[in-house]
Amino acid sequence: MLAFIIRRVLQSVVVLLVVGLVAFSLFRFVGDPVDNLLGQERTIEDIDRVRSELGLDQPFPVQYFRFLQGVTQGNFGVSFRQGRPVADILAERAPATLELAAVSALFAIVLGITLGVYTAIRRDGWLSNFIMTSSLIGVSLPTFLIGILLIYVFAVELGWLPSFGRGETVQIGWWTTGLLTESGLKAIILPAITLGLYQMTLIMRLVRAEMLEVLRSDYVKFARARGLSQRSVYFRHALKNTLVPVITITGLQLGSIIAFAIITETVFQWPGVGLLFINSIQFVDIPVMASYLMLISVMFVVINLIVDLLYFAIDPRLSASRGGGH
Amino acid sequence: MEAIARALDSDLAYRFRRSPVAMLAALVVVLLIGSSVFAPLITSQNPFDPGSLNLMNGFSEPMQPNQFTGETFVLGTDDQGRDVFATILYGMRISLFVGFSAVIFAMVLGVTLGLLSGYVGGRTDTIIMRIADIQLTFPAILVALLIFGVAKGITPPDRRDEVAIWVLIIAIGLSEWVQFARVVRGATLVEKSKEYVQAARLIGRSPVAIMVRHILPNTLSPVLVIATISLALAIIAEATLSFLGVGAPPTQPSLGTLIRIGQEFLFSGEWWILFFPAMTLLALALSVNLLGDWLRDALNPKLR
């Protein structure tokens, strides 16, 4: 058990170091920082001075170490395009993305589990068949087309919801939230559905498959034989046992939600980190690109690590086979 | 002739004739690919040659004669008077070219690494598979975006539009090689222990010859399935990147770029500029996907 955890954590650290190296190489070799800092009229002395100030005359490993040190202290460099520290820009943009991700995850989980349970219980009902078929079509639709479709129906034709932006936001400390104003709440509906739809269908299909499996098992038959009410059988006995895989998959999908937010944020011009990243690629703003890369990898690696460890904690078979002295 | 007769008589052809979904999907794919290959013969207008455009034709509605010139366009025109039908055919050329090239690139890379990984084993195997694991942790679209961003940073600004298509191919290809490598590695591990491989080794064939001439042909049917599904993914990935504005340059618009352009006219009521490219993309991706699903079932002996 302990050996497994240590190996897993070490592995994550190696991944992060490699990603750090890629990010650092971006900083170092793509675009010359000295070029960016000094104007046209520079002398060789100027260049040498700036190079030693920035530590660029040091050996490569030393530079890399310094870069890592800076990153762990929240120093991500200065954006080429906006001329402000990247850490500030990211902090300003992060709440929008995190709120969007949270609302979509909530939407995906609640609706996914509800529909999953429904389609499992009413297995052959016409509504279930309809839901399953439309979910197949929904999965094959590219995210950006879903977004455009929703905009067309609800913003252009019906005019119920706004098609871009966050609406009014409220400042709470350094965090800006759009969840407390009416226009903010309206603005988040379409992006959240666009972003969460794929995860919703995934969770729904998973819950349905697991439920069908569990409903065939002996203890459910026994519970029915005891004369427990349908509701109690479905929700207290069956659903509870389907939730372990659902939790793991949902956990793993959290990272994807934040990554796919890039697309949704572009469709809806949502002022989050994803839109920032796309703009940084368009304008080759290396520090922003590298920082986004670092941040998102830390998130992915941490989520994966937690899910792996959770799995280990939840499923006793794993710890028996690995930790049992083999 | 004999080869064709044998192919028509094969199990796969029989299954194909029995599946209406597969036949319909194949028909759509062939129609779309054919019409984009022969685009210059089908439409008289080359939408990317400014000389052949007439600005007066701008914003013609589908099937309605234009109010100034009286010309009629089946699918309407965009703001610059480009025939939407023609832009779709030419745009699909870029989409298909990028899709096919990216899949071939991913396939060559993935199959090679998978063969090496499975046949050589040891440290080679560990390194290749670890890289594959790490890459699988990140969504493909994110990997493609990053590679695209890095490549854009490396190329000098005045050459970016020229190389954009190739960068796109490499970025999408690199984001999809893992599936090929994993499947080929698994199949190689199985084949490696079979007698014919041992026999080939005994008569002194070189490891490269064994891998390429003996093992590779026996791993190809899952590769074919993955290649088909990857093609659908690659077409969607290309459209997504172009839609995000980081893919095909405006001088060579793909379906994704057309959708991006069309989105700007959604609010002013010119729905056809967006609608038809979007439907084409959908039809293309969905049919390729259905073909891939059918192929997977048809080639899988366990499901019979």
Side-chain angles (χ1 to χ4, degrees), chain A residues 11-12 14-15 18-19 22-23 25-27 29-31 136-137 139-145 147-149 151-152 155-157 163-164 252-253 255-260 262-263 265-267 274-275 277-286 288-290 292-293 296-297 300-301 303-305, chain B residues 130-131 133-157 160 232-233 235-247 255-256 259-260 262-263 265-269 271 274-275 277-279 281-283 285-290 293:
Chain A
Q11 216 177 331
S12 311
V14 171
V15 172
V18 171
V19 172
V22 173
S25 313
L26 273 177
F27 267 121
F29 300 113
V30 181
L136 252 187
I137 298 172
V139 169
S140 3
L141 275 171
T143 317
F144 64 98
L145 278 187
I148 293 176
L149 186 74
I151 290 181
Y152 182 69
V156 179
E157 286 297 312
S163 64
F164 67 92
L252 285 175
Q253 290 296 318
S256 308
I257 285 192
I258 300 214
F260 279 104
I262 297 172
I263 301 167
E265 285 178 10
T266 310
V267 178
L275 194 58
F277 177 61
I278 283 294
N279 291 337
S280 77
I281 290 184
Q282 278 160 352
F283 295 100
V284 199
D285 194 343
I286 303 293
V288 176
M289 266 165 68
Y292 180 83
L293 169 66
I296 202 126
S297 344
F300 267 97
V301 168
I303 289 173
N304 272 305
L305 186 67
Chain B
R130 208 26 54 77
I131 295 174
D133 284 347
I134 293 174
Q135 193 177 326
L136 268 191
T137 345
F138 301 95
I141 192 84
L142 194 63
V143 177
L145 269 174
L146 281 174
I147 297 169
F148 192 88
V150 173
K152 198 171 176 184
I154 295 171
T155 44
R160 270 176 201 155
L233 288 177
I235 290 171
I236 289 184
E238 187 279 325
T240 306
L241 290 178
S242 296
F243 174 78
L244 294 177
V246 294
L255 287 178
I259 293 170
R260 185 166 111 104
Q263 198 197 3
F265 300 107
L266 195 57
F267 290 94
S268 45
W271 53 272
L274 169 74
F275 180 75
M279 289 317 281
L281 175 69
L282 252 187
L286 200 64
S287 326
V288 176
N289 238 334
L290 285 172
D293 273 357

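Chain letters run A, B, ... following the sequence lines, proteins first and then strands; every chain starts at 1.
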Q) Between A:Phe277 and B:Leu145, does a side-chain contact (heavy atoms from CB on, under 4.5 Å) hold up when you go through it step by step? A) CA-CA 10 Å; A:Phe277 177 61; B:Leu145 269 174; 4.0 Å; yes

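Looking at A:Thr143 and B:Thr240, their side chains never come closer than 4.5 Å, going by heavy atoms from C-beta outward. Using a 4.5 Å cut-off on side-chain heavy atoms (C-beta onward), B:Leu142 and A:Phe300 make contact. No side-chain heavy atom of A:Val14 sits under 4.5 Å from any side-chain heavy atom of B:Arg130. For the pair B:Phe275 and A:Ile148, the minimum side-chain heavy-atom distance is 4.5 Å or more.
Residue A:Ile263 holds its CD1 atom at 9.0 Å from CZ of B:Phe243, rounded to the nearest 0.5 Å.
Your options are B:Gly245, B:Ala232, B:Ala285, and the one with the most heavy-atom pairs under 4.5 Å with chain A is B:Gly245. Heavy-atom pairs under 4.5 Å with chain A peak, among B:Leu286, B:Asn289, B:Leu282, at B:Leu282.
Both the backbone and the side chain of A:Ile262 come within less than 4.5 Å of a heavy atom in chain B.
Under the side-chain contact (heavy atoms from CB on, under 4.5 Å) rule, B:Leu244 has a single partner from A:Leu275, A:Ile278, A:Val267, which is A:Ile278.
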